[in-house]
Protein chains: 2
Amino acid sequence: MKAAARIGQVLSHFTVTAPERGTGEIASLLGLANSSAHELLNGLAETGLLQKQAPGRFRLGPLVAGLAQVLANTDGVIEAARPVVARTAEDHGETVHVVTLTGRHLAALSAQTGNRPVGVARGVISSETPLHAVGAGKLLLAQMPTAELLRLIETLELTGFTDRTVTARSHLRDQLSMIREDGFAEAVGEWHRDLATCAAPIRSHAGVCVAAFSLAVPLSRYELQPRAYRAIAIQAADRISARLGWQDIDRRAGQLPGGKSVSWDDVA
Amino acid sequence: MKAAARIGQVLSHFTVTAPERGTGEIASLLGLANSSAHELLNGLAETGLLQKQAPGRFRLGPLVAGLAQVLANTDGVIEAARPVVARTAEDHGETVHVVTLTGRHLAALSAQTGNRPVGVARGVISSETPLHAVGAGKLLLAQMPTAELLRLIETLELTGFTDRTVTARSHLRDQLSMIREDGFAEAVGEWHRDLATCAAPIRSHAGVCVAAFSLAVPLSRYELQPRAYRAIAIQAADRISARLGWQDIDRRAGQLPGGKSVSWDDVA
DNA sequence: ACCCGAATTCGATATTACCGAATGCTCAGC
DNA sequence: GCTGAGCATTCGGTAATATCGAATTCGGGT
């Protein structure tokens with residue numbers, strides 16, 4: 001396997017639920033010999049991508065934080081989203097995320113917890129979040145090029161978490177095409193019984209969906225006024241899109257032609 | 001060269017001032033053939049550490065943002081610093097950083113810009129920041145194990161930026177030993193003529209300095225009340241240290257025995 | 001003091017990272 | 001519309017190194 005892929009795999013195993021890992025742990029997770037994992041991890045620790053806490057205990061390192069600062073300062077989406085995220089979290093007191101898709105996993109570009117006593121932790125959106133059970137996941141799936149999407153769906157593990165979880169592929173496909181037309185996705189009690197999430201697309205100047213604006217709300221509050229949260233998410237996403245230079249010509253008349261997505265990875 | 005080190009190098013070349021790079025660019029920066037750089041960059045883009053904007057144009061990718069979120073949720077220092085950073089930036093309106101040392105470069109663990117019309121951008125602290133010309137750099141140097149520090153100083157490029165920059169190694173060494181005793185460092189107009197920075201150590205429960213709390217202020221405001229900023233930095237750093245479990249037994253009586261620093265990398 | 005599990009070291013082998021030359025692509029100038 | 005320059009990209013051969021398994025050391029627990 002290529003070195004870059006290997007290192008990506010290693011780093012991806014450092015998660016919110018397991019932020020510290022050992023040599024043997026990584027070895028078995030990747031199916032490598034302990035000695036190989038040892039060399040990898042220690043190498044990464046020397047460069048600063050990881051940090052050695054104790055012999056054989058590793059965490060993500062300072063270089064990650066540094067790179068993230070660069071990203072936060074230079075990435076158009078994050079930059080444009082910053083004030084809107086802060087404002088929305090402040091105004092409504094709910095947890096807010098800006099999310100993209102990395103391969104088959106979600107990644108939070110920014111996160112802000114609400115200020116209410118009962119609320120959702122910022123950790124809900126991470127690489128471990130099941131795509132099919134949160135609003136942002138569904139929305140981002142719905143924006144993918146159709147061919148690629150169909151291939152991906154086949155390989156997704158549609159774990160059932162509650163009785164509301166969508167576990168049938170056909171059902172998911174139907175939902176996604178509706179979401180693509182609506183420009184809005186929600187998942188109410190589909191992952192955790194007491195969690196509701198919804199999301200709206202953030203579009204670049206070219207009209208391509210580059211991220212999702214996501215709201216995570218305790219179910220008890222969400223079901224009091226679902227329409228309101230829907231409006232909040234869409235409005236916030238549109239505001240960010242506007243800051244990215246998107247001209248909302250005819251939001252109601254229809255979406256982009258055929259949902260065609262331009263990605264340079266498609267040249268394969 | 002080892003793969004981990006190579007990849008660290010590549011990523012480190014994506015900076016605030018040059019957030020987007022091309023194949024040939026990286027190749028010449030690392031002294032590789034174009035084809036090698038090509039394979040590296042595209043590999044990284046596939047894993048999500050980088051993002052391909054156009055053929056041959058790369059930026060940091062969503063995986064970096066995701067990892068940073070993990071770090072922000074699980075790293076004790078960042079976690080403990082979050083409220084203090086927010087509070088300090090809010091109260092005084094100045095730009096605030098939490099900084100560590102990665103090899104020979106600074107890395108910002110968190111950053112918050114002030115809200116004043118005239119203020120310092122958050123980008124001041126990055127891997128490109130000269131160690132010897134900002135408070136955080138000096139402070140972190142001063143906390144290093146002595147032997148390692150002396151070796152590092154010899155290899156530092158003490159570029160002169162203004163007439164106040166410390167460019168003599170002997171002068172720097174003297175300053176650093178004072179800083180270690182004081183538990184405070186400042187750099188007034190040593191990098192940019194109109195910039196003042198100061199920093200105080202953040203200590204873990206074991207008393208080891210794990211990061212620096214840094215204040216970046218326009219010189220015009222700083223020189224009005226330098227003592228006040230000093231107090232703010234020290235107080236904030238101490239507050240964070242307290243949240244990390246540090247018992248400040250005798251701050252005035254003296255520092256840690258000999259400034260001995262425990263690092264698992266020292267076993268070499 | 002002893003033992004057990006896990007990390008680390010070490011040498012042999014297969015993988016792949018690297019290079020240089022040839023090709024393809026995009027854009028600027030004519 | 002054509003041509004040329006500067007890139008990125010592809011490809012095959014070679015040298016470097018990632019990987020493995022066994023032996024050793026280290027640290028925590030009894």
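Below, chain A is the first sequence line, B the second, and so on; all start at residue 1.
- Annotation: the span from Arg122(A) atom CZ to Gln69(B) atom CD amounts to 6.5 Å, rounded to 0.5 Å.
- Remark: Leu131(B) CG to Leu106(B) CG distance equals 5.0 Å, nearest 0.5 Å.
- Taking each heavy atom of Arg180(B) and Leu149(B) in turn, the nearest pair found is NH2-CD2, 4.4 Å.
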Derivation of the side-chain contact (heavy atoms from CB on, under 4.5 Å) call for Leu44(B) and Ile7(A): CA-CA 9 Å; Leu44(B) 289 171; Ile7(A) 285 176; over 6 Å; no
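- Regarding Arg57(B), its CZ atom lies at a distance of 13 Å from the P atom of dC27(C), rounded to whole Å.
- Per the geometry, CD1 belonging to Ile7(A) stands 9 Å off P belonging to dT19(D), to the nearest Å.
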Stepwise side-chain contact (heavy atoms from CB on, under 4.5 Å) check, Arg21(B) with His13(B): CA-CA 8 Å; Arg21(B) 314 220 83 139; His13(B) 276 107; 4.2 Å; yes
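- For dT9(D), one of the phosphate oxygens OP1 or OP2 lies less than 4.0 angstrom from a side-chain nitrogen or oxygen of His38(B).
- Between dC18(C) and Arg6(B), a contact under 4.0 Å exists linking OP1 or OP2 to a side-chain N or O.
- Taking the charged nitrogens against the carboxylate oxygens, Glu157(B) and Arg104(B) have no contact shorter than 4.0 Å, which rules out a salt bridge.
- Rounded to a whole Å, the NZ atom of Lys2(A) is 11 Å from the C1' atom of dA17(C).
- The separation between Asn42(B) atom CG and dT16(C) atom P is 17 Å, rounded to whole Å.
- Where Gly56(A) and Ala4(A) each meet DNA chain C at their nearest nucleotide, the meeting point lying more 5' is that of Gly56(A).
- When every heavy atom of Leu41(B) is checked against every heavy atom of Leu50(B), the shortest pair comes out as CD2-CD1, 3.5 Å.
- Here Lys52(B) reaches the OP1 or OP2 of dT9(D): one of its side-chain N or O atoms lies under 4.0 Å away.
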Per-nucleotide protein contact string for nucleotides 20-26 of chain D (B base, S sugar-phosphate only, - none; heavy atom under 4.0 Å): BB-----
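- For the pair Glu25(B) CD and dG6(D) P, the interatomic distance rounds to 16 Å; values are reported in whole Å.
- In the helix from dA1(C)-dT30(D) to dC30(C)-dG1(D), the end axes, each obtained as the rotation axis mapping the C1' atoms of four pairs onto the next four within a five-pair block, lie 60° apart to the nearest 10 degrees.
- Taking the charged nitrogens against the carboxylate oxygens, Arg151(B) and Glu154(B) have no contact shorter than 4.0 Å, which rules out a salt bridge.
- Atom CZ of Arg21(B) is separated from atom P of dC7(D) by 14 Å (rounded to the nearest Å).
- For the atom pair CZ (Arg173(A)) and OG1 (Thr146(A)), the distance works out to 12.5 Å, reported to the nearest 0.5 Å.
- Nucleotides of DNA chain C nearest to Leu40(B) and Gly24(A) differ in position, and the one nearer the 5' end is that of Gly24(A).
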